[in-house]
Amino acid sequence: MADEPDLAGLEAARARLYAELSGVGDFRRGALSAVFRKCGKPNCRCARPGERGHGPQWNWTRWAGGKTVTTHPRPGPELGKAQREAAEWARFRSLTGQIEQVNEAICEARPPLAEPGAMAPVSQGQKRGGSARTSPRRSRRRRQPR
């Protein structure tokens with residue numbers, strides 16, 4: 001038990017993560033990747049052994065409307081913006097994963113408390129809710145099979 005963090009320490013860690021999460025900038029869900037392609041011409045430099053090919057061509061891939069959507073940001077400001085947004089997405093995912101872990105530890109560490117207005121356990125033979133009389137709703141009669 002000495003190696004487990006205390007509840008106050010876990011709550012402080014969660015508060016720090018929330019503060020860091022508020023500093024996350026613009027992001028887009030998806031992945032940015034560089035792709036190299038060979039053109040297929042036998043005399044081209046990309047046909048040489050060990051050559052990666054032409055490129056890189058940048059692909060921004062994301063899931064939208066039930067389909068995979070790929071766009072191709074151009075090198076320059078458009079690519080720089082996409083790289084910043086991809087980095088912020090990775091940062092956002094990392095922070096939310098850490099928050100999830102800390103919250104799980106807080107839930108495990110927090111002792112159960114009796115909630116105000118919580119019902120006492122029902123003893124055997126007692127009905128829950130309502131009065132001792134029968135319920136105002138009656139069950140339907142079943143039709144006789146023909």
For this session: Check the pair T61 / V69 against side-chain contact (heavy atoms from CB on, under 4.5 Å), numbers first and verdict last.
Result: CA-CA 6 Å; T61 307; V69 178; over 6 Å; no

Does a side-chain heavy-atom distance below 4.5 Å link [X] with [Y]?
X: T70; Y: W60; value: no
X: P73; Y: L32; value: yes
X: Q98; Y: S94; value: yes

Minimum heavy-atom separation for [X] and [Y], please, with both atom names.
X: R91; Y: V24; value: NH1-CA, 3.8 Å
X: G30; Y: R62; value: CA-CB, 4.0 Å
X: A109; Y: L10; value: CB-CD1, 4.1 Å

Problem set entry | Derivation of the side-chain hydrogen bond (donor to acceptor under 3.5 Å, both in side chains) call for E100 and T96 | CA-CA 6 Å; E100 179 186 358; T96 54; over 6 Å; no

For this session: State whether the number of non-hydrogen atoms from other residues, nucleotides or ligands found under 6.0 Å of R29 atom CZ is greater than 12.
Result: no

Problem set entry | Atom pair CZ/CZ of R48 and R45 - distance to nearest 0.5 Å |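 The CZ atom of R45 is 8.0 Å from CZ of R48, to the nearest 0.5 Å.
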
Problem set entry | SG on C46 to CZ on R37, rounded to 0.5 Å | 12.5 Å

For this session: Test N103 against I99 for side-chain contact (heavy atoms from CB on, under 4.5 Å), laying out the working first.
Result: CA-CA 6 Å; N103 273 324; I99 290 169; 3.5 Å; yes

Exercise. Just by distance, do the side chain of K38 and the backbone of G53 share a donor-acceptor pair under 3.5 Å?
Worked result: no

Problem set entry | E88 (side chain) donor-acceptor with G25 (main chain) under 3.5 angstrom | yes

For this session: For side-chain contact (heavy atoms from CB on, under 4.5 Å), just list the numbers for W58 and Q83, CA-CA rounded to whole Å, side-chain angles, deciding distance to a tenth of an Å, and then say yes or no.
Result: CA-CA 10 Å; W58 292 91; Q83 288 172 329; 4.0 Å; yes

For this session: Kindly indicate, with the supporting measurements, whether the criterion salt bridge (charged side-chain N to carboxylate O under 4.0 Å, His left out) is fulfilled by E11 and R16.
Result: CA-CA 9 Å; E11 288 175 339; R16 181 189 54 77; over 6 Å; no

For this session: Kindly determine whether R14 and Q101 satisfy side-chain contact (heavy atoms from CB on, under 4.5 Å), including the steps that lead there.
Result: CA-CA 9 Å; R14 180 175 61 182; Q101 290 174 350; over 6 Å; no

Exercise. In the single-linkage hydrophobic clustering (I, L, V, M, F, W, Y; side-chain heavy atoms under 4.5 Å), do I106 and Y18 co-cluster?
Worked result: yes

For this session: Indicate the ring-plane relationship of W89 and F27, choosing parallel, tilted or perpendicular according to the 30° and 60° boundaries.
Result: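 Rings of W89 and F27: tilted, 30 to 60°.
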
